[in-house]
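Before any comments, here is the structure.
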Number of protein chains: 2
Amino acid sequence: MKKVFLKDIAEELKVSKTAVSLVLNNKGDENKISQETQKRILDYAKKHNYVPNQLARSLSRGKSETIGLIIPNISDTFYSKIAGYIELKLKGSGYTVLFSSSNEDPKKEGELIRSMLNRQVEGLIIASTQQNLKEIESLKQDKYPFVLIDRHYPEIDTNYVVVDNYDGIKTATEHLLRLGRRKIGFITLKPKLEAIRQRLLGYRAALEGFGLEYNDDLVKELDPLNYENMIGEAVGELLKFPNSVDSIVFSTHYLTAIGLRELKNKKIRVPQEVAIVSFDQLAAFDLVDPPITSVIQPVKDIAEHAVEILINEIEGNKNPVMVKETLGSKLVIRKSCGTF
Amino acid sequence: MKKVFLKDIAEELKVSKTAVSLVLNNKGDENKISQETQKRILDYAKKHNYVPNQLARSLSRGKSETIGLIIPNISDTFYSKIAGYIELKLKGSGYTVLFSSSNEDPKKEGELIRSMLNRQVEGLIIASTQQNLKEIESLKQDKYPFVLIDRHYPEIDTNYVVVDNYDGIKTATEHLLRLGRRKIGFITLKPKLEAIRQRLLGYRAALEGFGLEYNDDLVKELDPLNYENMIGEAVGELLKFPNSVDSIVFSTHYLTAIGLRELKNKKIRVPQEVAIVSFDQLAAFDLVDPPITSVIQPVKDIAEHAVEILINEIEGNKNPVMVKETLGSKLVIRKSCGTF
DNA sequence: TTGAAAGCGATACCAA
DNA sequence: TTGGTATCGCTTTCAA
């Protein structure tokens, strides 16, 4: 079947391109095009399986009906779930998602932003590396619609939907404290990210709330790009810490997974010898031995709110107030911290 | 900073748009444009941060430098990992990925295919619902570049990269048989998918290879959209089966997860009373109690091969032979089947 | 070597 | 109501 264009159907039906375009865009009635002509056009289009060229359409209208999603890594379940919910939420709205992973590389992220702009995406949802202040600021200055998720720039006034990292880790740590643990290690990432910094602060606040002193030796900050090779040493050091720690807070789900693997290798009994608690979780954390007490993120809410805010900004008011949301997380208590 | 267009820079520099376009596309030399003009153009472009409008560019050239990825569900780790590897492989190639999930809905899948074509994607990677024979056939007839992954249509001659489902499950089942299990249940999905059908055949072949009779009562086929509510009953029935099964083969990672949850709820000891083995796995399956013996998929290979085949077809020969790959999987033995 | 002009396919303004 | 035509921003052919 040969491809048919707007022009073809206009010529064939001996009407103008305008008429065809109008009718096909459901603007036939409001432009008072005769019912008969409309029918002829619609029928012909359907019969010949006409589909408009989106590129031409977008170029002409200055709208691409596409929104861009930039995340650190699509294969991280946290982000893939967010992507899934974003898609779901967008379903039926006519928008398509263009996505890309930055792999935590600020330079790449910058390129992605520009590349997406070139492609005329109408808005952006970004889980930023938090190291592109300039780019984000210029988006803002251009009044370009975007919303930051998961991570934001506290120094810029933008839309964002994040979770309360501080509070999440604080709650997790307090849980351990309440169960009587006192030598609590913290395995986290090098805090290039504000989000990660917040987690450290939460950990610290919990300790201090219980009158404990913050101790640098208990905190292990791994390189985000090389944590797998560093975890062994980190865990080892915590276990050697004057008489070993009695518990560990892990700052991300993947740190928890490899950390637990490490503990098992070293034949440490969890939670008897060392209790653990995880910020965020993996699908099978409830099945793990022992089931892992975790701070759960409101992934669905993050995705849905972000979409709502973005769409509203794209379609709505030019100069709305920025929407800033810090969602709470939930501590799901399983068995990795022992019981009272 | 105001947006600058090709025209602007041509006017500003008093050269033609052609010259600008040529130079910016690195065709300055081959069109013998004076070095000086080239330099002026390049400098000006850089200084004013010129970026071409991809839409216009694509429309004009008839190329979008975009490839489409259609998968059942981006939040399924299996597919999100594939998406991640596809992205990685495409990095630097200049192509961007447009992705969408079909949610196993053939109708939606059809719409997605058409929508992507409208957007002039240059090629498609599809993990199909396997219920769109027509659409796929017409892609083929139009000589449109595409490659099927994970699931293919045996009746059509297309490019594809899949794993050997039959063999994967057969190996898993044989593992149980070799460990002395004889009453082996199989929890799978309703076989609308060829891939799923293959798994059932693999299960059956293993049994028969050991001289066992295939028994319908041992096979539970759940509805892909409602498996969560059906798993309880399925497991229950297998446990009631004349004196209970001694093991269960799960056809997907998520069935394994919820199945195991069910077994734990019912206080069944795994593997002592019931051994289990999983086709495909979740990130923490090695940490689970007990660590789950699983058939591992070559996700990375699937993604990379698919990209190679596709790019080759897009850029290379018009009428190449179809590339058909059936990759092997690997049985990783952990503890959920017990030992000899 | 450079530039004018004709597309790419659709939208939308303005007359008729 | 309908149709001609300019336009979106860039590429590319063909003359000069």
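Any value given below was found using the heavy atoms of this structure, including those in side chains, with hydrogens, waters and symmetry copies removed. Throughout, a chain's letter reflects where its sequence line sits, starting with A, and its residues are numbered from 1.
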Item checked: Euclidean distance, atom CZ of residue B:R119 to atom C1' of C:dG9 [Å, nearest integer] -> 15 Å
Margin query: Keeping B:N53 on the side-chain end and B:L55 on the backbone end, is there a donor-acceptor pair under 3.5 Å?
Written below: yes
Next item on the list: Could you list the residues that satisfy side chain to side chain donor-acceptor pair (under 3.5 Å) with A:S75, not counting sequence neighbours?
Entry: A:N73
Check: Does a donor on one side chain and an acceptor on the other come within less than 3.5 Å for B:E325 and B:N159?
Finding: no
Checklist line | Contacts of B:K324 that satisfy salt bridge (charged side-chain N to carboxylate O under 4.0 Å, His left out) - sequence neighbours left out | finding: B:D157
Notebook entry, point to check: Roughly, in whole Å, what's the span from CG in B:L13 to C1' in C:dT2?
Noted result: 14 Å
Checklist line | A:R40 CZ - D:dT1 P separation (whole Å) | finding: 16 Å
Check: What bend angle does the helix from C:dT1-D:dA16 to C:dA16-D:dT1 show across its length, from five-pair end axes and to the nearest 10 degrees?
Finding: 50°
Check: With side chains defined as the heavy atoms from C-beta onward, is the minimum distance between A:I67 and A:I314 less than 4.5 Å?
Finding: yes
Item checked: Summary of protein contacts for nucleotides 6-16 of chain D, nucleotide by nucleotide, where a base hit scores B, a sugar-phosphate-only hit scores S (4.0 Å, heavy atoms) -> --BBBBBB---
Next item on the list: Check for a donor-acceptor pair, side chain of B:Q297 on one end and backbone N or O of B:F78 on the other, with a separation under 3.5 Å.
Entry: no
Next item on the list: Only counting residues at least two apart or in another chain, list the ones meeting side-chain contact (heavy atoms from CB on, under 4.5 Å) with B:L42.
Entry: B:V23, B:L24
Note to self: Tell me every residue that passes side-chain contact (heavy atoms from CB on, under 4.5 Å) with A:K192, counting only those two or more places apart in sequence or in another chain.
What the structure shows: A:Q131
Notebook entry, point to check: Within this structure, what is the CD1-to-C1' distance between B:I41 and C:dT2, rounded to whole angstrom?
Noted result: 10 Å
Next item on the list: Quickly work out the A:D8 CG to C:dC8 P distance and round it to whole Å.
Entry: 11 Å
Check: Salt bridge check: are A:D43 and A:K47 linked by an N-O gap of less than 4.0 Å?
Finding: no
Check: NZ of A:K32 versus P of C:dA16: gap in Å, rounded?
Finding: 19 Å
Check: A:E65 has an atom CD; how far is it from atom P of C:dA10, in whole Å?
Finding: 14 Å
Notebook entry, point to check: Can you find a side chain N or O atom of A:T37 that sits less than 4.0 Å from OP1 or OP2 on D:dT2?
Noted result: yes
Margin query: Output the rounded distance in Å from CD1 (A:I9) to P (C:dT11).
Written below: 11 Å
